[in-house]
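Just the heavy atoms: all of them, side chains too, but no hydrogens, waters or symmetry mates, feed the values below.
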Amino acid sequence: MRKDRLWFILMILSLGTSAAWSATVSFSVGTPSDVNDFDSIANVLGAAQDRDNVAGDGTTDGPGNDGATYVAPDRSAQGQTFVTGSVPKMLAGVWVRLPGYFGSNPGGEAVNNTYWGIAAGNQLMIRITNPVAAGTAGFVLHNETYAFTGLEPDFPASGNSADGPGTWLYIQLDNPRVLAPNTAYGFDVGAAGGFFELLGIRDAAAGGNPYSGGAAYSSGANGIGNNAMTAQAGDRVFVIKIDPLRSGVSNPDPADGAAGIDTDAAVTLSWDAGGINDPLNPGSTIPNPDITYHYLYLSRPSDPNLLDIAPALIASDIDPADGNVDPSASLTLGALLESDAVYYWRVDEIMANPADPNNITGTVWSFATELKRAQLDPTYPRDASVAVGEQAAFTVAPINPLTGDSTGMTYQWYRNGSVLAGQTSAQYARTALADDDRSTYYCVVTVTATAKTIQSRSATLFIEKQIAYWTLDGNVNDSSPDALYNGTAGGTAVFDTDRKVGTDALLFNGTDTYVDLPDGMDSFGGGLTFTLWAKPTAAGSWARFLDFGNGAPDDNIYLSRAGTADTLHLSVYSGTVASSVDAVNAVTSGEWQMLSVTMDREGDVVMYKNGAAIQTGTVTLPNTVVRTLNYIGRSNWTADAYYQGLMDDIQVYNYALTADEIAQKYTLVTGGVFCQESPAYDLTGPAGTPDCRVDIYELSGMAADWLGCGIYPDCL
């Protein structure tokens with residue numbers, strides 16, 4: 001037997017899904033055979049004349065009782081209560097009858113005054129109800145709908161007559177309902193389009209109250225029932241079609257959730273067959289005699305999408321001569337299972353054929369096989385970001401499942417899929433070279449006792465560098481060493497001599513000017529730095545300085561205003577989920593300023609204005625993904641404003657520059673010195689304001705305060 005034949009697809013669609021149940025409707029011109037079914041609950045006695053139908057007055061035929069008999073969009077839903085027998089059963093469907101009076105007009109009413117009209121597309125609703133809970137949300141236990149096609153056999157269509165069509169209407173539930181023993185239930189039928197009358201009989205008529213276990217009722221309005229139940233003095237003609245209570249397979253072995261299943265020997269999967277109530281011994285269960293086959297599905301973790309693999313077909317009776325379904329079944333797999341894996345399996349009970357609506361879909365079970373491979377932290381080794389010449393280190397920390405510690409294992413590291421000779425410890429370190437950028441590293445760990453291997457995650461080494469630099473001196477080309485991001489100016493692009501660096505700056509008109517950048521901007525796992533000079537002239541809502549992404553929202557990284565405020569805003573999206581940092585009062589209109597933001601490999605963010613830190617925060621690290629919609633001055637969100645003003649000297653790095661490096665970039669443009677970070681006790685200076693120094697001015701001020709204070713110890 002081929003190994004592949006032993007793996008079967010798990011049918012996920014049956015797991016945890018909610019369904020909009022759709023009933024099936026059919027018609028019959030004769031009395032349904034279900035009336036004679038021992039399990040059915042029925043009343044087949046109806047009125048001979050309209051006056052004796054449910055809610056009739058016994059005297060007058062005509063519209064007087066229509067509100068309690070017609071199923072129509074302008075009437076209540078029409079229902080009936082009933083009581084179950086002594087053992088649990090399955091409600092399969094409901095028969096009702098359209099009128100079939102004889103001689104319904106003796107009082108001189110207009111001839112042919114019983115009407116019906118059903119057309120393709122008209123919708124019918126059936127509800128199973130709990131009379132005890134009437135008036136509460138618990139009244140409706142189940143509901144299903146059906147849209148008529150007009151092609152149903154014996155379809156009554158539209159008409160009118162003295163007596164009505166006399167047709168039986170069967171509503172088969174898509175989802176049969178279990179009925180508890182000795183319990184009152186109800187059903188009602190409503191309509192959204194189309195109308196027909198139900199046959200019944202009022203209690204005071206000759207032969208009235210033929211079903212003592214329940215009564216007719218109405219509910220709601222406009223063809224739709226609600227939680228209220230209005231009792232009617234009479235009974236509908238109905239048949240509650242009952243099936244024996246059926247259950248799916250049970251008692252799985254291995255048990256659901258079992259762990260440590262041996263993989264050195266063939267595994268046998270076994271279960272108890274689905275059951276029904278024993279008709280000869282109510283209250284006890286026997287294997288369902290209608291089972292023809294068990295269908296077994298078993299997942300394969302390495303390939304869960306084998307939709308073309310058939311289930312294992314297992315006969316329900318290993319001894320057909322005795323005619324009995326075996327109470328249990330099993331299958332011994334013909335190949336060994338993989339260790340360190342979770343398997344899912346399910347057994348369906350097949351009756352006549354795979355499409356039989358009475359087939360029972362089993363519960364999905366799972367089990368885990370024994371652990372033979374090292375257990376790895378899936379986050380290690382971590383990505384690394386270093387400059388050329390610096391050392392990058394990669395580490396794994398596995399646990400041996402046999403010893404519970406780090407002993408009894410061997411290691412082998414790989415670079416870009418090739419073996420790194422001699423690198424056989426839990427850590428690998430290398431001095432980064434220029435061509436190491438985006439190289440990948442992983443470790444294969446082997447448990448010595450089992451010879452089972454496992455590969456760690458693949459970590460990426462990023463070489464810290466400037467990845468884009470737009471001087472904006474007459475063009476939008478990338479002046480960084482790799483020159484990967486030459487832009488394309490969009491809209492009305494004007495280069496202006498009102499610049500901060502070089503010869504020009506780019507003037508954005510706030511209407512259509514932007515720079516479209518090539519695909520990329522994918523690798524910020526080691527951090528990032530954005531730094532630029534800006535002179536905004538308007539506060540456009542969410543106007544962007546930079547926006548790298550794949551849409552809105554889709555792995556965006558953007559630097560912008562926050563709305564129309566003077567707040568500098570950084571957003572980093574992981575897929576569609578954003579994290580952000582804001583610096584209030586950071587953006588000044590009408591003057592040049594250097595705005596910078598850094599994010600390190602832990603997601604820690606620092607925002608700077610004119611070389612000095614103004615805000616800190618934390619964001620989620622961006623995904624390593626190619627971004628295809630990358631802009632300067634434009635947003636990925638169509639509702640956001642275009643940037644208006646000047647921008648110059650825009651730089652992007654794939655790591656976080658230090659505070660000193662940001663300060664140096666600022667002073668290289670402005671010259672002179674500035675206060676990068678005011679020290680503690682910088683209280684004053686020559687001009688009477690803090691001057692980024694603690695010197696004789698602070699000492700003089702503190703001494704003056706001390707000399708002028710006689711309160712100990714407050715003035716020390």
Side-chain angles (χ1 to χ4, degrees), residues 381-394 415-416 430-441 457-471 477-487 515 517-532 544-550 554-559 570-574 579-581 594-608 616-632 649-662 664-665:
R382 294 186 174 177
D383 296 341
S385 175
V386 298
V388 172
E390 293 182 344
Q391 191 175 76
F394 302 98
R415 177 179 182 268
N416 296 335
R430 70 182 288 117
T431 300
L433 304 175
D435 62 359
D436 279 336
D437 188 33
R438 305 193 191 189
S439 54
T440 58
Y441 302 84
R457 78 175 291 268
S458 186
T460 302
L461 174 57
F462 300 100
I463 300 302
E464 295 178 349
K465 61 183 179 180
Q466 183 186 69
I467 62 173
Y469 180 20
W470 301 280
T471 64
N477 292 335
D478 177 8
S479 299
S480 68
D482 292 339
L484 298 176
Y485 293 101
N486 289 331
V515 179
L517 303 173
D519 297 353
M521 298 297 174
D522 53 334
S523 300
F524 295 108
L528 62 79
T529 297
F530 297 156
T531 182
L532 56 90
R544 298 294 199 268
F545 299 103
L546 302 170
D547 190 335
F548 306 149
N550 286 308
D554 193 344
D555 280 310
N556 305 78
I557 306 169
Y558 68 78
L559 186 66
L570 173 72
S571 265
V572 177
Y573 278 79
S574 178
S579 53
S580 61
V581 178
M594 192 179 96
L595 302 174
S596 309
V597 60
T598 66
M599 179 198 73
D600 66 18
R601 68 189 65 180
E602 303 300 324
D604 294 327
V605 171
V606 183
M607 287 181 161
Y608 299 84
T616 61
T618 302
V619 295
T620 302
L621 287 176
N623 293 327
T624 299
V625 58
V626 173
R627 294 172 173 84
T628 60
L629 298 173
N630 303 315
Y631 304 121
I632 300 172
D649 209 59
I650 304 171
Q651 302 179 52
V652 178
Y653 296 79
N654 67 350
Y655 67 101
L657 296 183
T658 65
D660 287 344
E661 290 171 323
I662 295 293
Q664 183 182 36
K665 286 187 175 294

Between [Y] and [X], is there a side-chain donor-acceptor contact under 3.5 Å, judged purely by atom types and distance?
X: Tyr441; Y: Ser439; result: yes
X: Thr658; Y: Asp660; result: no
X: Asp522; Y: Thr624; result: no
X: Asn550; Y: Asp555; result: no

Rounded to the nearest 0.5 Å, what separates atom [atom1] in [X] from atom [atom2] in [Y]?
X: Leu546; Y: Leu532; atom1: CG; atom2: CG; value: 6.0 Å
X: Met521; Y: Leu629; atom1: CE; atom2: CG; value: 13.0 Å
X: Asn477; Y: Thr471; atom1: CG; atom2: OG1; value: 8.0 Å
X: Phe524; Y: Asn654; atom1: CZ; atom2: CG; value: 7.5 Å
X: Ser385; Y: Asp437; atom1: OG; atom2: CG; value: 9.0 Å
X: Phe530; Y: Ile650; atom1: CZ; atom2: CD1; value: 11.0 Å

Check the pair Arg415 / Leu461 against side-chain contact (heavy atoms from CB on, under 4.5 Å), numbers first and verdict last. CA-CA 10 Å; Arg415 177 179 182 268; Leu461 174 57; over 6 Å; no
Apply side-chain contact (heavy atoms from CB on, under 4.5 Å) to Tyr608 and Thr529, showing your working. CA-CA 11 Å; Tyr608 299 84; Thr529 297; over 6 Å; no
I need the minimum non-hydrogen distance between [X] and [Y], along with the two atoms involved.
X: Phe462; Y: Gly526; value: CD1-N, 4.1 Å
X: Gly487; Y: Leu517; value: CA-CD2, 3.9 Å
X: Thr598; Y: Leu657; value: CG2-O, 3.6 Å
X: Phe394; Y: Thr460; value: CE2-O, 4.5 Å
X: Ser458; Y: Asp383; value: O-OD1, 4.4 Å
X: Ala392; Y: Ala384; value: CB-CB, 4.2 Å

Is any side-chain heavy atom of [X] less than 4.5 Å from a side-chain heavy atom of [Y]?
X: Ser579; Y: Thr620; value: yes
X: Met599; Y: Pro622; value: yes
X: Met607; Y: Ser596; value: no
X: Asp604; Y: Thr616; value: no
X: Met594; Y: Thr531; value: yes
X: Tyr631; Y: Tyr558; value: no
X: Leu484; Y: Ile467; value: no

In plain terms, say whether Arg627 and Asp547 are close enough for a salt bridge, that is, a side-chain N and a carboxylate O under 4.0 Å apart. no
Check Asp482 with Lys465, please: is the shortest side-chain N to carboxylate O separation under 4.0 Å? yes
What verdict does the side-chain contact (heavy atoms from CB on, under 4.5 Å) test give for Leu528 and Ile557, after you've listed the backbone C-alpha separation in whole Å, the side-chain angles of each residue and the deciding distance to 0.1 Å? CA-CA 10 Å; Leu528 62 79; Ile557 306 169; 4.1 Å; yes
So, do Tyr485 and Phe548 have ring centers that fall under 6.0 Å from each other? no
With distance as the sole test, does Asp478 use its side chain to make a donor-acceptor pair with the main-chain N or O of Tyr469 at under 3.5 Å? yes
List the steps, then state whether side-chain contact (heavy atoms from CB on, under 4.5 Å) holds for Trp470 with Val515. CA-CA 10 Å; Trp470 301 280; Val515 179; 5.7 Å; no
